[in-house]
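These notes concern the structure reproduced below.
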Number of protein chains: 2
Amino acid sequence: MVSEKVARELPTLRQVAAAAGVSIKTASRALNGEAHVAPATSDRVKEAASALGYRRNLLARDLRAHAGADVVGMVIADAANPFYADIALAAGAVLGEQGLLLFIGVSDKDPASEERIISGFLERRVAGLLVVSSREDHPQLRSEAERGVPTVFLDRPARDLAVDEVLFDNLEGARAAVDHLLEQGHRRIGVIGDLGSLPTHHERIAGVRRALTEAGVPVREDLFVTDVHDADGAEAAMRGLLTLSAPPTAVFTTNNRMAVGALRAVSRRDDLPALIGFDDFELAEVLGMSVVSNSPAEMGERGARMLLERVRGGSGPSRRVRLATELVVRRSTVTPLERSGGDDRAAVTGRRSPDAPRPEPPVVRVRSGALSPPSRRGRGRRQP
Amino acid sequence: MVSEKVARELPTLRQVAAAAGVSIKTASRALNGEAHVAPATSDRVKEAASALGYRRNLLARDLRAHAGADVVGMVIADAANPFYADIALAAGAVLGEQGLLLFIGVSDKDPASEERIISGFLERRVAGLLVVSSREDHPQLRSEAERGVPTVFLDRPARDLAVDEVLFDNLEGARAAVDHLLEQGHRRIGVIGDLGSLPTHHERIAGVRRALTEAGVPVREDLFVTDVHDADGAEAAMRGLLTLSAPPTAVFTTNNRMAVGALRAVSRRDDLPALIGFDDFELAEVLGMSVVSNSPAEMGERGARMLLERVRGGSGPSRRVRLATELVVRRSTVTPLERSGGDDRAAVTGRRSPDAPRPEPPVVRVRSGALSPPSRRGRGRRQP
DNA sequence: TTGAAAGCGCTACCAT
DNA sequence: ATGGTAGCGCTTTCAA
């Protein structure tokens, strides 16, 4: 009948000290492996601690030890997108090596949620922040960032903040994709893009425009569908494009969500336009989809390293890193012109009677900004 | 030349109070929206706070307010697997509605890392724990769980802990998959499975065995490849199976990682075995892959709700929930017998000249454990 | 090698 | 409606 809450109280250092018959300070020293403690005493304290089920209270420690916090907080927009998950994984690995813990909050693209998460981190005095922002402005971060809470923005720049950033070379990447389509002879090129408010989107669209303009090909705005929110929206957008009287002969999708939607729309159809996307994804190779490949793992790693420098006290002006992208050509953008006749449909899980396998290695070219070693290509999955 | 660290100190409540010309306690009340504060006073305090860039210190608050913590910690094994990401997203949504924040730590399948993350949460006195464990035992959690830190295990049971659990009906799901293969006339059925130490794996393999045994079909252990770690391993395993003198006519992959690997191995080959996997995945429909579908979103949601009850003080014995799975039949398991001739290869991104589209709606049957409403089917993506 | 006391920033309790 | 004081669990002086 005694409240079950009682059992929920964890023992304190004081209780451990009492049980071991030493002062609280000695217990503290023993448990933290500090010097100047007799081995026998230390053992006694440790035994008492584990007997009582002691677990140090980092709230108290960090409060007292000021700053402290061996935690880095990260906000990502969409956990179900492996792209962000890979960034987080790589960042966590780097941070973990340095003894820091990475805690991730998922905003699900909701600006209000992002703000709550960041506040939660800040109010708990994390050592630093890694953010993939879904917001256009960051008023709450202004004073913090200026005050010096180390912060690194990933994938999407913070227009209103002077913080370190790691971005992809979106413009060059998109331009490379469209250049490739142009080389294949396409002139009616469509685009399926996500929220127009995203800087990444802007840059990619700018790349498309530049490629077309420089090639002297008219920019067919009527074939650009933007402000698409997710894969479902992209699927609808693609269907829409296909019903036009003069549908595009090639479509560029601005990220992996858009690509998935577009793929769904063309699944099991035969009047396919050529397809190329920004962001490599796990099954792109299986599906034979050409992409502008980038390395989320590299982004996470670089971001974490930059953050570490700041956490360690590094100062100096904010930096912006642009990571190179790479064009990976697969079957989806091989035009009839280049094909030597015959059947080169993607046969994946559809079963059929025996037939000869068909080689056709992907063509790969490196493009865009420098600053990074020639990243991995092809399969497009992290390989640590 | 003054240390830049100085600027990093945030103002305290005391400073805000001083600036507003009130006592520290009044400032506290005003900032927390408590009663008994004159509106004018309250405004003055709030102004002072924002002018100084005040941000409350939750370390201090939670330390004092005891327990407290409006944070739930979650550990997942693999962020890049959308399956876990979906669980986390759904759990975060439920928790967020209730005013709790979800912080996620990624263990990357490393037991030591999992332990560090859980310790990190516990030492910061989180309100509860959601864990997808990569460990076989959980000594560090024994005393905590018994002491009453609310904990819910997801997807994988905690053999050594009496905690709430939300699991899939793995055995029935796997059995349904193999029953389906058997109905299609297959007798040489192979399996590609992940780490044998995982309870999920055991249960799924048990389901395979039961289906075969009940059908009086010999269990071909030589066609079972297990302890595969990732998609790359699965790819190799699949290649291995295909080079056998008498390769399996059908292969069951025990999770989405294994499925991806298997798909890579059979990509662009024509001598494909039938393929069915456990876990639906985003592009399964596009690829025409049959699967035993489950709902990670439902798992996350149920888990979060169970945790909430405990956090709110709910007691009682630990509960185990089994979520139903569903068989989704697509092209990859349609045998020649059933096909009405003609070409039904999966044409996805391979381009070719016009031809008639081919319908072929997925056949769907519900199977296995109850407890959940007939979940979504087909596309297999969350739709909140 | 060990201990006593002060205090981190906040809230709870009791005054006024 | 407002303020003082004690104290959360720990670490940091400074002594012993």
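Throughout, a chain's letter reflects where its sequence line sits, starting with A, and its residues are numbered from 1.
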Do the side chain of [X] and the main chain of [Y] share a donor and acceptor less than 3.5 angstrom apart?
X        : Y        : value
A/Arg124 : A/Val126 : no
B/Arg320 : B/Glu165 : no
B/Asp160 : B/His138 : yes
A/Arg135 : A/Asp137 : yes

Calculate the interatomic distance between [X] atom [atom1] and [N] atom [atom2]; express it in whole Å.
X        : N      : atom1 : atom2 : value
A/His36  : D/dA15 : NE2   : P     : 17 Å
A/Leu31  : D/dT11 : CG    : C1'   : 13 Å
B/Asp62  : D/dG7  : CG    : P     : 21 Å
B/Leu59  : D/dG7  : CG    : P     : 22 Å
A/Glu123 : C/dC10 : CD    : P     : 11 Å
A/Arg125 : D/dC10 : CZ    : P     : 20 Å
B/Leu63  : D/dC10 : CG    : P     : 9 Å

With under 30° as parallel and over 60° as perpendicular, where do the rings of A/Phe103 and B/Phe121 fit, or are they tilted in between?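 If you compare the ring of A/Phe103 with that of B/Phe121, the planes turn out parallel.
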
State which residues pass side chain to side chain donor-acceptor pair (under 3.5 Å) with B/Arg55; sequence neighbours excluded, sorted by chain then number.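 With sequence neighbours excluded, B/Arg55 shows a side chain to side chain donor-acceptor pair (under 3.5 Å) to A/Ser119, A/Glu144, given in chain and number order.
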
Contact string for nucleotides 11-16 of chain C, one letter per nucleotide 5' to 3', B = base within protein heavy-atom range under 4.0 Å, S = sugar-phosphate only, - = neither, reads BBB---

Quick one, which residues of residues 37-53 of chain A touch DNA chain D with a heavy atom under 4.0 Å? none

Close side-chain approach of A/Leu154 to A/Leu130, heavy-atom, < 4.5 Å: yes

Hey, is CZ on A/Arg14 packed in by over 12 heavy atoms from elsewhere, all under 6.0 Å? no

On DNA chain D, nearest-nucleotide positions of A/Asn57 versus B/Thr26: which is more 5'? B/Thr26

Without hydrogens or angle criteria, can the side chains of B/Ser133 and B/Glu114 be said to hold a donor-acceptor pair below 3.5 Å?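 There is such a pair between these side chains.
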
